[in-house]
Amino acid sequence: MTDPRRLLIASQNPGKAREIAALLKGLPVQVRSLADFPGVVLPEETGETFAANAALKAATVSRATGEWALADDSGLVVPALEGAPGLHSARVAETDEGRIAWLLERMADRPAPEREAYFVCVVVLTDPEGKVRGTWEGRVEGRILEAPRGAGGFGYDPVFFYESAGRSFAEMTREEKAAVSHRGQALRQFRAALSARAFPQLLEAQGA
Ligand code: IMP
């Protein structure tokens, strides 16, 4: 008999999927990735908020697989750029190098107050019918560097300076980043909801 408490991570970004799986370690659920479901295609992110896009991804994956799914939508917000790259963080260029170049070009010669930025992450859980069962949000403040620093993490990490560590996210270990990151915060809230036993019951219902 299969364990009814399965959870599918609805992400095709290997950097994100790795961080999410690490943050869910030790939970009483079997975490699986889309690598086990090669036929599933994620929808275009047409929502107008991070929450709407996360719900769209999770619901699509749940409906396609009949599994509980957890999706995150995240991005970097630079208020001095009117919130860009924001919802389009993944789409401003094809590669991480391209995305960083896109950002640094727009940040060139900007004074310190205009270099303030934050990462947002919204995590959504859907049931096998695709109904949203929970939404959690995390946010972390930092500053955009003038040049990339460090080789860890993914995405904009090399240019995101986290003041209290005195390092960029790419210069921090995965554990150090997770302890403060937007994704870490959102997933810790999700973990707390599970620990409060609200969700194991829901997840168990799947096997009934
Ligand atoms: P999406 O959530 O898959 O739509 O993409 C979010 C995009 O925002 C990623 O492709 C990255 O470019 C960026 N991003 C989100 N979270 C992080 C992070 O933790 N570090 C660096 N970049 C991130």
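Counting convention: from 1, in listed order, for ligands and their atoms alike.
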| query | If you measure from CG on Leu70 to CZ on Phe190, what distance do you get to the nearest 0.5 Å? | reply | 5.0 Å
| Where is the nearest protein heavy atom to atom 20 (N) of ligand 1: which residue, which atom, and how far? | Asp157 OD1, 2.6 Å
| Can you list the ligand 1 atoms lying under 4.0 Å from a non-hydrogen atom of Gly155? | 21 (C), 22 (N)
| said: How far is atom 16 (N) of ligand 1 from the closest protein heavy atom, and which atom is that? | reply: Arg183 NH2, 2.8 Å
| Got a salt bridge between Arg63 and Glu129, using NZ or NE/NH1/NH2 to carboxylate O under 4.0 Å? | no
| Lys/Arg-Asp/Glu bridge criterion (N-O < 4.0 Å) met for Glu19, Arg183 | yes
| message | Quick test: of every protein heavy atom, which one is nearest to atom 5 (O) of ligand 1, and how far off is it to 0.1 Å? | response | Ala90 CB, 3.5 Å
| remark: Here the atoms of ligand 1 under 4.0 Å from any heavy atom belonging to Glu45 are 4 (O)
| Taking the hydrophobic residues Ile, Leu, Val, Met, Phe, Trp and Tyr, and joining any pair whose side-chain heavy atoms are under 4.5 Å apart, which ones share a cluster with Leu56? | none
| Considering distance alone, does some N or O of Asp96 sit under 3.5 Å from an N or O of ligand 1? | no
| request: For Gly75, counting its heavy atoms only, list the atoms of ligand 1 lying under 4.0 Å from any of them. | output: 8 (O)
| Would Asp157 and Lys177 satisfy side chain to side chain contact (heavy atoms under 4.5 Å, CB included), going step by step from the backbone distance to the final call? | CA-CA 10 Å; Asp157 282 346; Lys177 178 183 168 187; 2.7 Å; yes
| message | Looking at every heavy atom in both Ala84 and Trp102, which two are closest together, and how far apart are they? | response | CB-CH2, 4.0 Å
| request: Would you please classify the geometry between the Phe169 ring and the Phe119 ring as parallel, tilted or perpendicular, with 30° and 60° separating the classes? | output: parallel
| request: Using non-hydrogen atoms of the residue, decide whether Phe119 is closer than 4.0 angstrom to ligand 1. | output: yes
| query | Does some non-hydrogen atom of Gly153 fall short of 4.0 Å from ligand 1? | reply | no
| query | Going by the atom numbers of ligand 1, which of them fall below 4.0 Å from some non-hydrogen atom of Lys177? | reply | 18 (C), 19 (O), 20 (N)
| Heavy atom of His182 under 4.0 Å from ligand 1? | yes
| said: Students should be able to answer this: which protein heavy-atom is nearest to atom 6 (C) of ligand 1, and at what distance? | reply: Ser74 O, 2.9 Å
Expected list for residues 33-51: side-chain donor-acceptor pairs under 3.5 angstrom, two or more places apart:
unit_1 : atom_1 : unit_2 : atom_2 : d
Ser33  : OG     : Ala35  : N      : 3.1
Glu45  : OE2    : Lys57  : NZ     : 3.1
Thr49  : OG1    : Ala52  : N      : 2.9

| query | Between Phe154 and ligand 1, which part of the residue brings a heavy atom under 4.0 Å of the ligand: side chain, backbone, both or neither? | reply | both
| Roughly how far apart are Glu137 CD and Asp72 CG, rounded to 0.5 Å? | 11.5 Å
| message | For Arg110, is there an ion pair with Glu114 - N to carboxylate O distance below 4.0 angstrom? | response | yes
| query | Does Lys57 approach ligand 1 within less than 4.0 angstrom via side chain, backbone, both or neither, non-hydrogen atoms only? | reply | side chain
| message | For atom 3 (O) of ligand 1, what's the nearest protein heavy-atom neighbour? Residue, atom name and distance, please. | response | Lys16 NZ, 2.8 Å
| query | Any N or O on Glu19 sitting closer than 3.5 Å to an N or O of ligand 1? | reply | no
| message | For a quick test of reading the model, state the closest non-hydrogen atom pair linking Gly75 to Ser89 and the distance between them. | response | CA-OG, 3.3 Å
| note | closest protein heavy atom to atom 12 (O) of ligand 1 is Tyr156 CE1, 3.2 Å
| query | Which option out of Ala54, Ser89, Ala170 puts a heavy atom nearest to atom 8 (O) of ligand 1? | reply | Ser89
